[in-house]
Each structure stands twice: as C-alpha cells, then as structure tokens.
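Scope of the values below: all heavy atoms of this structure, side chains included, with no hydrogens, waters or symmetry mates. By convention in this document, chain letters (A, B, ...) are assigned in the order of the sequence lines, proteins followed by strands, and residues within each chain are numbered from 1.
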Amino acid sequence: MFRFIVRKTSYGLAVLAGIIGVIFFLFNILPGDPARMTMGQRPDVQSLEAIRKEFGLDKPVYIQFIYYLNDLLPLSIHGNDAASREKYHYFRLIPLGKAQSLVLKKPYLRRSYQTRREVSSILGETIPNTIVLALSAMIFATIIGIFLGIVSAVNKDTWIDKSANAFAVLGISAPSFFAGIVIAWIFGFVLSKYTGLNMSGSLYNYDPFRGEVLTPGNLVLPMLTLGLRPLAIIVQLTRSAMLDVLSQDYIRTAKAKGLDKHTIIYRHALKNALNPVITAISGWFASLLAGSFFVEYIFGYNGLGKATVDALEYADFPVVMGAILFVAFIFVIINILADIAYALVDPRVKLQ
Amino acid sequence: MISAENLAISFRTETGWAEVVQGISFTLQPGNVLGIVGESGSGKSVAALSIMRLHDPSATRITGSIRFHDTDLMAIPEKEMRRYRGKGIAMIFQEPMTSLNPVLTCGFQVAEAIRLHRKISVAEAREKTISLFNEVQLPRPEKIFDSYPHELSGGQKQRVMIAMALSGDPEVLIADEPTTALDVTVQHFILQLLLKIKSDRNMSMIFISHDLGVIRKIADHVLVMHKGNIVESNTLDALFAHPQHPYTKGLLASRPVMGQKLKVLPMMSDFIDINGEKPAFVPVKLTDRELDSRLETLHRAPPLLQVRNLKTWYPVKEGFFGKPKEFVKAVDDVSFDVYPGEIVGLVGESGCGKTTLGRSIARLIEPTSGSILFKGKELLGLPATEMRKYRRNIQIIFQDPFSALNPVTTIGESLLEPMRVHQLFVNDNQRREQVISLLERVNLSADHFNRYPHEFSGGQRQRIGIARALALRPEFIICDESVSALDVSVQAQVLNLLQELQREFKLTYIFISHDLSVIYHLADRMIVMNKGKIEESGDPRQILYHPKEAYTKKLIGSIV
C-alpha cells in the first residue's frame, strides 16, 4: 500500500510539474507588460526598473522560469538579506555561500498586480468558502444520488424509476448558469418569504454592527445549483451499475442462500456498484472546486471562482496563475485519493 | 423428496411469451442423484432454477407444481420460500469464477449463510466455516477464510461454493453444471468430493450437465431433456445400455470416445430421421494398420513447421521505471515439428500455455525467443510487410464463435475482407463468388452472405469462422479450442467438417484442445503440455495406453 501511494504521488508530482510549465509559458506569451500593469496608470521609470528586476523581466525567458519555479518550490534557494526574508517568510536549512541559503517555505505565488497583496493571502481568503460550497454540494449530490440510483434500479421500469430518470435528464441538460438563475429567482426571490433565503450573498456577510457574520443560509441555493448536475449523473451511474451488478451470478448465489432483498442490495450489490460512482464523484469534486465560476458569480458568493473571474477582468495574472495552480493541485490530490479509495473498496485493484 | 408435476416455464420476450420448459414431471428419490442431461437451450438449468424460485418473477411465468416433502414450493409466499433456500434445498452453479461476490472474503460469504439459518456468534460461525472448508478439502482453510475469490483457483472457488451450499445442512443439493468450467483433473476431484459428501450426509442431489460422461459417473437416474421436454427417463445403467429415444442414441454416439478412432463421427441427423425413413449409421473404425501407414507416409515429407526452443514470457512484475522483474513463462522452451497434411493435437489444462503457443506460432503474440521455421523460412524477426505474406498461409480458428466475429459486419464482408487485403482474385465480384462457394462448402447457403453474426447459432458461427480461415487458402490452420464452446451434436458436425476439409484441401492442422477424447479422435500425433513445457508427445494410441510421464497419467486418469 505504501509503495502504491508513493508511486501515485510521484506521478501526481510529474503532472503538476507539467502544468506549472504550461501555465508559465502560456501567461508569458500573453500581451502586456507586467511591470506597467503593476504600477497602474502613471509609472515612473525607477519603479518600473525595480519591478522588472524583481520579476527578472530583464532576463531571458528560461531564467524567468527558473525564478518562477524557485518561488513555487517549498525547498528552494533564496538570498539571506532581510528583504528576501520578509518576502518569503522562509526557514533557513543549509547556508550556501555567503549570500544564499537552501530554505524551506510555503510556495510563493507572488503579488497581485492590482492590489499588491500576496496572491496566497487573496486565495487563502476565498478558498475555504469554495471548499465549503463544493464539499456541501458534493455531499448533497452523493447521498441523494446514490440513494435515488438504488431506488430506481430496484424499482426498474416503475413510475419511480421513470421519474428519477426524467429528473436526471433534466439535471444533466440544464446548464449551471441557467439553472442558477432559475433557482435564485424562484427560491431566493419569489418564494423568499417562505424560504427565508437571499438571491445572493456570501458565507460571511458584513454586518455594520456585528462585523463578519456567518450566514449559512446563503450556502443553500449555490449548493443546490452546483450539486444538480453531479446529482443527476450519480443517479444514472448508480442505477446502471446497480442493474448490471444485480444481474451477476453472485447475486443469484446470495439469493440462493436465502438472504433477503435488503441484505442482497446493501451488502452484496452496493459495494460492487460503487466503483464507477467513486470515479464520478472524485472527478466532479475536483471540477466543482475549479468550475464553480458561474455559480459563485451568479450568487455573488465570495469564493475562488469569483476571485478568479474578478482577477481576469483586470488582467491580474499572478492571481489567475495562482488560482489555476491551486486547482491543478487539488485535481492531482483528489485523483490520488480516488485511486486509494478504489483499492480500499475493491480488493481486485492491484496495488502493484 | 422433490416431485415436479407438469412444470411449464415461459420467459417474456420481445415478441411475447416463449415456453422453454413444456410441462415436465419428475421425482427425486431420497438419497438418490437425479441427473438431468441435455444440450444448450434444452431447459435443464431453467427447470432447476425454478425449484429454488430464482427466476425474475416479472419476466417468468411458471405453471404446475414442485413439491418438496409436502409443500408446494410454487404456492408459498416469497418470504416463506426464503426459509427453504439454503436450508432445505441448496444450489451450486456452473461458473465458480462469477458465482462468488468479488468484494467480500470467502469466509464472510460462507459464515453469512451459516448465521442466516442458525443464531450463533461470529466466532462460532467462523469455526463452523473452517470445519466446512475442511470437509470440502480446501488446503489451509484459515487462510482461505480471509481470502478474496480472485485469489483462489477455479476448483478452490467451486469448493467454497460447495461449502456455502452445505452451510444450511440442506436435504437436497442442486448442482447446475458444477464442473463444466473446470479442468478435467479438477472436475474429477469435485465429482468425487460431491459423491463423498452426498453419502456422508445422506443428501439427495439433482445434477445437471451437458456431458453424458460426467452424468455416468454420478447419477442414479437420468432425465434426457431436449427443447423443453423430457425425451427419456431411465436408470443410469438402462440408459447407457439401451437408449430408447433417437435423441439419446445420437447424444451417446456423437461424442468422441478415447481409444476409438472413427473415420466419421456419427451425427444427430444419423439418428433422428427427418424424411420418415430410418437411416442406418454404421461407424467405421480405423484399424491400427491404416493409422500406422498414414503416419509413415506423412512423416516421409520434410516438416512444414519447425518450432525450436520457443519461449513466450510475459512480464508480471514491473520495477519502478517499468522494467520487468518477474515473468510468467507461458511457453517455455518448446520444440516440435509438424509435417504437411498432419493433424497435431495440442492438449493441456487451462493455463498450460497451449493457446499462447498457438498464437506465438502465428505471431499474434510476439515470442520472447526461439525459432519458428515455416517451410524452412524463419518467421521470427520478419518485418511486418514480409510477415503479411505468411499470415495468409497460417490461419487461426478461434474458440468463441460469438466474439470472434465482428457484430456490425455482415458475414459476407467478414469473409471478403481478408481476400481484399491480400489481393486474392481480380475484383470483388470474383471474390464474392468465392465466398459463396466457401459458405456452401461449410454447409451454409448463399443467402447468408448479407446476414449479421447474431442471426446465427453457435455451430453456424463456428462454421463461418472456418470459412473465414479458408478464405485465404492457407496450407496451415491453428484450431484454438474450436469446438469447446459447442454442444456435442454440433461438435460432431464441426469435427467431421474439419476432417473433410483437411482431406479436400490438403491442410495441416494444429488442433488445440483441453479435451483428450477430441484430440484422440482427430490427431495423428499429440503433444501434452503442462506449465509451459511439453510433457510428452507422440502417437495418441501410444500415449493413451502407455503414458510415460506422471502428469499424462493423471490427465488420462481423470477422463470421464
């Protein structure tokens, strides 16, 4: 198992390295002078030069890339001077010569062109909101989806199965920006009196008297919107996997033993049917973290997606790059976790 | 114990209800083994499953009654029926590979069945399971308790299934083709085991099989089923000594028997009269003199194929950077010759490497090392373009006629394509004519040209496979278990066809099979393979009566 995890992790790191390369060179060929963007409307020549030096913009591209990598890597080489120490918050490991040291630090994602704040702190504020949103959407979709899938497989071809299927088709075909607007309008506006929900808002709202206030109600509608499509897909996947499993020989064996329907379904069939569902869940969870752009934007929910869209509007590349890197990182982590989950659910998955 | 009265079973199909069992009646006497024999589609498994009421009730219609002691099993509610399953009547199935739940341990699955019928603790159930594992003679029962099904061999899985069936101390055990998917030596063991358990526990048994040889070993009374009806019901001895119904006679005659080489195998049509007249079939045995002189003439010519030190190894364990560390030696240092016009039988149990050897010779699998000389020309290392010329000359007929034909291509297209690839004949018209004459040669007709594979039966598909192999007019054909998936009566037709074609087109065969009697019937020379190596080779008569190697003796000893 340990070797299995090490191998999966090393593949993941290789993928991550590839993504870093692609992101860097992609944003490097985009038009615009980062130094000028950082300084805003009226830059003076000295500040421009200082910034170019800081980002290494006066150097060839591959040197810039090495600087970028050095900024990102937790284990990296930086100067011993106070400015570097201030910038990277590093922990010195091994001194290399007089001026530099091998250090341990958090990945440094540079600063926003727009606000000059550190990208990691901008993302740090929004990521928890997105994680809460994605996680709750996913939990909602998984629980309801697996349950509905089982119910419709067991009651195949009855009205229960047919209405679950109709719902699933609707859920898959409705685009989230459309579903989001409809859901916001119905539950947050028309029925607002009864639901007590708002059309938009973040998890933490600013209250003039009490400061930041937790408003979990604002989570409900984006969660429904975001979870709708994975829910529909999980229903269909569980249903077809379950039907497939229920026709297997070992289910007949279980029946011949004299087991009742409930035990057959939950003990013998479900575990076998879960593999494709795990794939779907892990894939969707990763893309929910990344792809809640529309939903966060529509509901004015202060998450990673909204922060990225806002940053894109101002061509604030460090923020966008940081967000993409974070999303890639999450994808890799979730894929590794999904592989481990397979191995746990299905003993036939080879750990070799 | 069990008596069925007028049992009729229909399945719902797209066009309405299809009656697959047409009002049969039978009785199982206490302590007896009732054998039900029949070919695929005869309704034997369907009837057995209905005793346990394992059919999907929404798609099945059952009439008549099945009494177990004094209870009519067809009349009681499902909840009550559950109490009989496993406890009164237990069942084991054909496919041990798929009959156990892959995600639960073997021990859990048996212990679960025990605890269902008796209120005992988990620890007691574990103990009981292990004692059952001992009873079915599983090695290291404690270890198997915690193993998952995929970690066991087929025979071991079937023994776990038997242990599970015994867990409720049933009075009746229904065994639905329990040995069909297993190797002969394992089959022999399982049959012995079942007989021992039956007499130890004083159980009654219903034993279903397509194989009269197996039935002969285990049953007291036999039912012969054909197209949903019982055509004959008799005691075992009477059935084998004096079969009454023509179908039974045909079934008995059309299976090849060890120690007897016939010129032509009897076929079902020789017994069931179609035109009102009774055909008389006189089997012609080949004499030793005929066989000797044939072998001598064959071996006078230079060999067509020479295989030398052939090895095909598969990497199983890979190091961190994908470099193979351990191998499965599927074919390990094998050498033999095949002479023109000869039929060489390659026999062995599953996993012995016979299929890999066949595919390695045709280079469908790239061998690891060694040499394959075809007409004196080295095939290994030939570039793909040059190999193509030889592909034409070396054809394979595969085992599974259902998956060997592309379901979206018409039969005609399937046969035309290889001719087109190898540019045989001038144009498609001539090729089409050739395809039609081939179809007719394998006893199909010209109007099958535009049909799709799903419209054909297994035997017809296998004949299409043969026609496809012949399309390129090869000299050398590898038949890989080409009759294993077929019923005996169909098997006889296909074997006869293969022999006729061999004579007509002067073909050379390597015939791969797990079935010693088929090999004995067909082959001029046989090769016994085990664990990737050749155990023994030579004249089948010699090997049957004077086997040299221990493995060959064991193999011959397990034949039913």
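Among B:Glu95, B:Met91, B:Lys87, B:Glu112, the residue with the largest count of heavy-atom pairs under 4.5 Å with chain A is B:Glu112. Contacts with chain B were tallied for A:Asp157, A:Val245, A:Asp260; A:Asp260 has the most, counting heavy-atom pairs under 4.5 Å. Listed options B:Ile174, B:Leu100, B:Ile89, B:Asn101 were ranked by heavy-atom pairs under 4.5 angstrom with chain A; first place goes to B:Asn101.
The main-chain N or O of A:Asp249 is never found under 3.5 Å from a side-chain atom of B:Thr98 such that the two would form a donor-acceptor pair. Side chain of A:Lys257 to backbone of B:Gln109: a donor-acceptor contact under 3.5 angstrom is found.
A:Lys261 has no carboxylate O lying under 4.0 Å from a charged side-chain N of B:Glu78, or vice versa, which leaves the two without a salt bridge.
Summarising the geometry of A:Arg252 relative to B:Ser99, their closest heavy-atom pair is NH2-OG, 4.5 Å, with the distance given to 0.1 Å. Nearest heavy-atom pair, B:Pro102 versus A:Asn272, reported as atom, atom and distance to 0.1 Å: CG-OD1, 3.3 Å.
The side-chain contact (heavy atoms from CB on, under 4.5 Å) search around A:Leu274 returns A:Ile146, A:Leu270, A:Val277, not counting sequence neighbours.
Heavy atoms closer than 4.5 Å to chain A are found in the side chain of B:Met161, but not in its backbone. Of the atoms belonging to A:Leu259, heavy atoms from both backbone and side chain fall under 4.5 Å from chain B. In this structure, the portions of B:Ala113 lying under 4.5 Å from any heavy atom of chain A include both its backbone and its side chain.
Shown here is B:Phe68, whose CZ atom has more than 12 heavy atoms of other residues, nucleotides or ligands within 6.0 Å. Within a 6.0 Å radius of CZ in A:Phe25, more than 12 heavy atoms belonging to other residues, nucleotides or ligands are found.
At a heavy-atom separation below 4.5 angstrom, chain A is approached by B:Leu49, B:Met52, B:Arg53, B:Leu54, B:His55 within residues 47-56 of chain B.
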